[in-house]
2 protein chains.
Amino acid sequence: MVKGPERRRPGRPPASSTDIPTQSRILQAAARLFMEFGVDGVSMGQIAEASGLTKAVLYYYFRSKTDLFVEAVVRVLEISREKTQAILDAPEPLYSRLLRLMRTRLGIAAPLEWGAALHGSRNVLTADQIHAIERAEQALFDTVAAALGTAAERGEIRCIAPDRAARVFMSLVSIGHAELERIGTRADVAAVAKSFMDIFWSGIGPA
Amino acid sequence: MVKGPERRRPGRPPASSTDIPTQSRILQAAARLFMEFGVDGVSMGQIAEASGLTKAVLYYYFRSKTDLFVEAVVRVLEISREKTQAILDAPEPLYSRLLRLMRTRLGIAAPLEWGAALHGSRNVLTADQIHAIERAEQALFDTVAAALGTAAERGEIRCIAPDRAARVFMSLVSIGHAELERIGTRADVAAVAKSFMDIFWSGIGPA
DNA sequence: GTCTATATTGGGATAGAC
DNA sequence: GTCTATCCCAATATAGAC
């Protein structure tokens, strides 16, 4: 492009300039499908269709299906981490923040068991790819663990191993989501969130 | 076979007569592989090899790969349920029984996230097959839930929703297993079991 | 009941035009 | 950068001998 600067065309710019970049469109569609059907449950053709493109374009942006999968996972985990961080930074008691976090996550349509999808495909991923995913996953847990650790210092909770507790919390979110799916649309997200939160907070032992 | 009864051959009977029936051998191998690599991570060829047979034999006993998968899952869940029942029937306080259950399950090589494997393949399963798996799964949860319910009646615990708590417990087993895998062989199963059990029993809230 | 050999297809990946 | 057309292999499933 050796052309000099052009004068701005009057009127609304063509749609293309406001469109989501192709790569992001692919990642978004891929993430959604992978979350719902798992790696092997989705073909490149389906992802192409879902993003309104063709297979060849996908391979223009991503070397392989595995690559696309890894980048989609990392992206989702990063976004998830940011949202989580924002909620946990609020100036509230830990209990309220965790409850809000659980409600929010339960409300998200695509909850996802990446762990599940991963389990089946670990053998295909390179060490680097596994590492990338594990790092993104760990960052998410660390965000929660940090909040638990701070609260523990303040004597707000008795939690001894924040990282472990963080994993338990995230897993409770998964179970909660499974329960919401089971009972269907008549589900009361807030109520389910509350009851899982209570198990997390007080355990099942005698009062 | 119209031959009359033969006299028993002297000496040790041929190995074949004490062998596990072919169908069980297939199911065992299939269950192990499916648990480790997921449905799509394993081919019929691999299952055939693992059970010392050929693909054709597998198709002699099972109509399709999906069929084999479903029967393997149900079988594992049933066995798991029986073992669980046995442990929970012991005349001990609930806490001890649950701790023993968690230790035992953490010690099993193939822990498995059937849920994971399932998620990816739900779209392929017939309604009947999904039902069969869900029934077997529910039976397992019910076994744990029953123990929790009884204990609740006795005032041994404060648990309000036994079924929900049962799911949480089983899920803690999964996290525990994931943690053991992460930290590798230097893992202390009993210690990990204890600490997850404590989160389940007392929660993380202030003492 | 178990084998060898093969038909069939879904889907990952690429070539090359535009 | 995006398309059409195609290659190619892995893996399910079957045919038919023994």
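Numbers restart at 1 for each chain; the letters A, B, ... are given by sequence-line order, proteins then strands. Note that the structure is a prediction, hence the values are computed from the model and not measured.
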Listed pairs under 3.5 Å, donor-acceptor, residues 85-92 of chain B side chains, sequence neighbours left out:
from, atom 1, to, atom 2, distance (Å)
Gln85(B), OE1, Arg81(B), NH1, 3.0
Gln85(B), NE2, Asp89(B), OD1, 3.3
Glu92(B), OE1, Arg100(B), NE, 3.3

Seminar exercise, completed: Separation of dT14(D) atom P from Leu58(B) atom CG, nearest Å, is 13 Å
For this session: May I ask you to test the Arg182(A)-Arg167(B) pair for a side-chain heavy-atom distance under 4.5 Å?
Result: yes
Problem set entry | For chain B, the stretch of DNA chain C it reaches, first to last nucleotide, under 4.0 Å of its heavy atoms | dG1(C) to dT4(C)
For this session: Can you tell me the distance, in whole Å, between the CG atom of Asp67(B) and the P atom of dA13(D)?
Result: 9 Å
Problem set entry | Note, Phe169(A) side chain near Ile204(B) side chain (heavy atom, < 4.5 Å) | no
Exercise. Is a salt bridge present between Arg164(A) and Glu179(B), judged by a nitrogen-to-oxygen distance below 4.0 Å?
Worked result: yes
Exercise. Residues from residues 46-56 of chain A sitting under 4.0 Å of DNA chain C, heavy atoms only?
Worked result: Lys55(A), Ala56(A)
For this session: Run the numbers on Thr84(B) and Thr143(B) for side chain to side chain donor-acceptor pair (under 3.5 Å), then give the verdict.
Result: CA-CA 7 Å; Thr84(B) 299; Thr143(B) 299; over 6 Å; no
Problem set entry | Side-chain touch Gln28(B)/Arg75(B), heavy atoms, less than 4.5 angstrom | yes
Exercise. With a 4.5 Å limit on heavy-atom distance, are the side chains of Phe34(B) and Val76(B) in contact?
Worked result: no
Exercise. Just wondering, do Thr104(B) and Lys83(B) contact through their side chains at under 4.5 Å, heavy atoms?
Worked result: no
Seminar exercise, completed: On DNA chain C, more 5' by nearest nucleotide between Val57(B) and Ser43(A) is Val57(B)
